[in-house]
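Since the structure comes first, as structure tokens, the remarks are kept for the end.
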Amino acid sequence: MLTVEKIGGTSMSALKDVIQNIILFERTGDQLYNRVFVVSAFSGVTDLLLENKKTGAPGVYHRIAKHQDFHRPLKDLIVKLKAINKKYAELGLDLAVADQFIEKHITEAQTYLENLANILASGYVSREGILQAAREILASIGESHSAFNFTNILQNMDINTRLIDLSGFGDHLAYTIDQRIKHAFKQIDFVKTICIVTGYAKGTEGIMREFDRGYSEVTFSKIAEFLKPEEAIIHKEYHLSTADPAMVGIENCTPVGYTNYDIADQLADVGMEAIHPKASKPLEINGVNLRIKNTFEPSHPGTLITREFVCEHKRVELITGTDKLLIIDVYDPLMVGNVGSDLQIMQIFYQHKLSYTFKATSANSISIVIWERDFDKKLISDLESKFEKVTVEKTAMVCLLGSNMDQPGLLAKSAYALTEQGINIKSAGFALRKVNIQFLVAPEDFRMAIIALNKAMQPVV
């Protein structure tokens, strides 16, 4: 059975566990093969190259963007990556070869980046295009590093392993990402080979231009779309659970087990990605099932996501949400009976390239929820130029998700659970299909809201 599998950065950093729990677990001989592994950079490396994903702390990229010297940070990066190499020497990594590889790779990248910085400084070309190319070059370093080390270790264990480096360093082929993948996998005997593939893939369209930090899952998805495996698998450091164990306690939640791609999309919409939504679409369309597994619990089957799954009995499958949102309320007394107010607002959002996660309307107001990180003062001033009053405040969203949860009293039961804890519901809503019931609450009530809903749904889950 051919599988295409993705290993995240946190799991990759626990490489000993990855080898024991994924590569070797209950497998010997020919059972080791017929698998393609797409790997992320080791944990924290892409943060150093670009910026910290959670805090936004600048990496090497921002030195280039601000016309600052980036040579020292690149030298520091070599030191840090060599320190990572040293950690894996006990697993059989050929340290001299690994150190030489990363030195050569970063030296080549530095040459490219110097050329880009010079062109940028000239002022003759588009700043956006040059900086996008710099992000692509920097991003590729992390995955090339982890994939090389992983391959070297497995080869030194006498496992037939092939490195598939899609970063395109050293070639000038004008391939699209799909063409590069097709070319890279020509004439591979999967039955006798493990393939280790970089999560970054170079292409004429630029994988980060559209997907940015979600690029490794997009590479994984595109490879699965091309190879059409029996199953696609993502290995994470946790289970896809009925609620966040860190909030509700591990004893008060369980792995989901089964769900569908629609629910995966609902999760992604509030930032709790089982998989990047643009990466899931090719899998869904091509009927490739996706399994989410916990790297550190290899005997557990995890959660299987399919296109057709609908739970046989009515239940809430997941309780999730986020406290990193803003609610923008647009008020105007002339809205009532006036055709086009919503259209005007949406046109402004479109001009700012902004998506929203929630919308509610009344006679004279429209409330729209966006990510806190997407806030733009210009957006507010543009709305104020068209409407009488615009207010902005922080909010949190808690959600009940399920493929078959349309049952009488669920809305009342969940609202009562929040009310019992003294939590005020700012707004609530659900679409006709009722796969996602959403409540807006104050950010300071977010954690308690998750706990309260999880407790209330325990008999249903």
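Remember, predicted model here, so these are calculated numbers, not experimental data.
In this structure, T320 and Q266 have side chains that are not in contact, with every pair of non-hydrogen atoms separated by 4.5 Å or more. Put simply, the side chain of T28 reaches to within 4.5 Å of the side chain of Q31, judged on heavy atoms. Looking only at side-chain heavy atoms (C-beta outward), I141 and I102 come within less than 4.5 Å of each other. Residues I159 and T161 meet the side-chain proximity criterion, which asks for heavy atoms closer than 4.5 Å. Using a 4.5 Å cut-off on side-chain heavy atoms (C-beta onward), Y215 and E143 make contact. Y88 is listed as a side-chain neighbour of S13, based on a closest heavy-atom distance under 4.5 Å. The shortest distance between side-chain heavy atoms of V316 and L453 does not fall below 4.5 Å. Proximity of Y238 to P245: side-chain heavy atoms (C-beta onward) are nowhere separated by under 4.5 Å.
One finds the CG atom of L379 at 14.5 Å from the NZ atom of K353 (value rounded to the nearest 0.5 Å). For the atom pair CG of D94 and CZ of F101, the computed distance is 13.5 Å after rounding to the nearest 0.5 Å. The distance from atom CG of D269 to atom CG of L401, rounded to the nearest 0.5 Å, is 10.0 Å.
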Starting from the C-alpha separation in whole Å, work towards a yes-or-no answer on side-chain contact (heavy atoms from CB on, under 4.5 Å) for M405 and I437. CA-CA 10 Å; M405 64 176 194; I437 297 177; 3.9 Å; yes
Apply the test side-chain contact (heavy atoms from CB on, under 4.5 Å) to residues T303 and H239: give CA-CA distance (whole Å), side-chain angles for both, the deciding distance (0.1 Å), then the verdict. CA-CA 8 Å; T303 296; H239 281 295; 5.8 Å; no
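In this structure, the side-chain contact (heavy atoms from CB on, under 4.5 Å) partners of Q344, at least two apart in sequence or on a different chain, are K386, F387. With sequence neighbours excluded, the residues forming a side-chain contact (heavy atoms from CB on, under 4.5 Å) with E136 are Q132, Y200, I207, M208, listed by chain and number. Partners of R433 under the side-chain contact (heavy atoms from CB on, under 4.5 Å) rule, at least two apart in sequence or in another chain, are D262, V435. Evaluation of the side-chain contact (heavy atoms from CB on, under 4.5 Å) rule for K80 yields L48 as partners, not counting sequence neighbours. Residues satisfying the salt bridge (charged side-chain N to carboxylate O under 4.0 Å, His left out) criterion with K394, sequence neighbours excluded, are E372.
Looking at L163, I153, N85 one by one, the single match for side chain to side chain contact (heavy atoms under 4.5 Å, CB included) with F148 turns out to be L163. Screening R315, K314, E317 for a side-chain hydrogen bond (donor to acceptor under 3.5 Å, both in side chains) with S403, the sole residue that qualifies is E317. With D329 as the fixed residue, the side chain to side chain contact (heavy atoms under 4.5 Å, CB included) test singles out one of I366, I368, V392, T391: T391.
Between the side chains of S140 and S167, no donor-acceptor pair of N or O atoms lies under 3.5 Å. If you check the side chains of K6 and S40, you find a donor sitting under 3.5 Å from an acceptor. Donor-acceptor pairing under 3.5 Å is recorded for the side chains of H352 and D382.
When atom types are taken as modelled, the side chain of H276 and the backbone of K278 share a donor-acceptor pair closer than 3.5 angstrom. Here the side chain of S43 pairs no donor or acceptor atom with the backbone of T10 at under 3.5 angstrom. A distance-only check finds a donor-acceptor pair linking the side chain of S221 to the backbone of A279 [under 3.5 Å]. For the pair T322 (side chain) and K324 (backbone), a donor-acceptor distance under 3.5 Å is present. Side-chain atoms of N286 do not come within 3.5 Å of backbone N or O of E225 as any donor-acceptor pair.
Among pairs with a residue in residues 288-312, those fulfilling salt bridge (charged side-chain N to carboxylate O under 4.0 Å, His left out) read E231-R291, at least two apart in sequence or across chains.
Under a 4.0 Å N-O distance rule, the pair K281/D265 qualifies as a salt bridge.
Using a 30° and 60° split on the angle between ring planes, F349 and Y356 fall in the perpendicular class, above 60°.
Counted within 6.0 Å of CD on E230, heavy atoms from surrounding residues, nucleotides or ligands total 12 or fewer; the atom is thus considered open.
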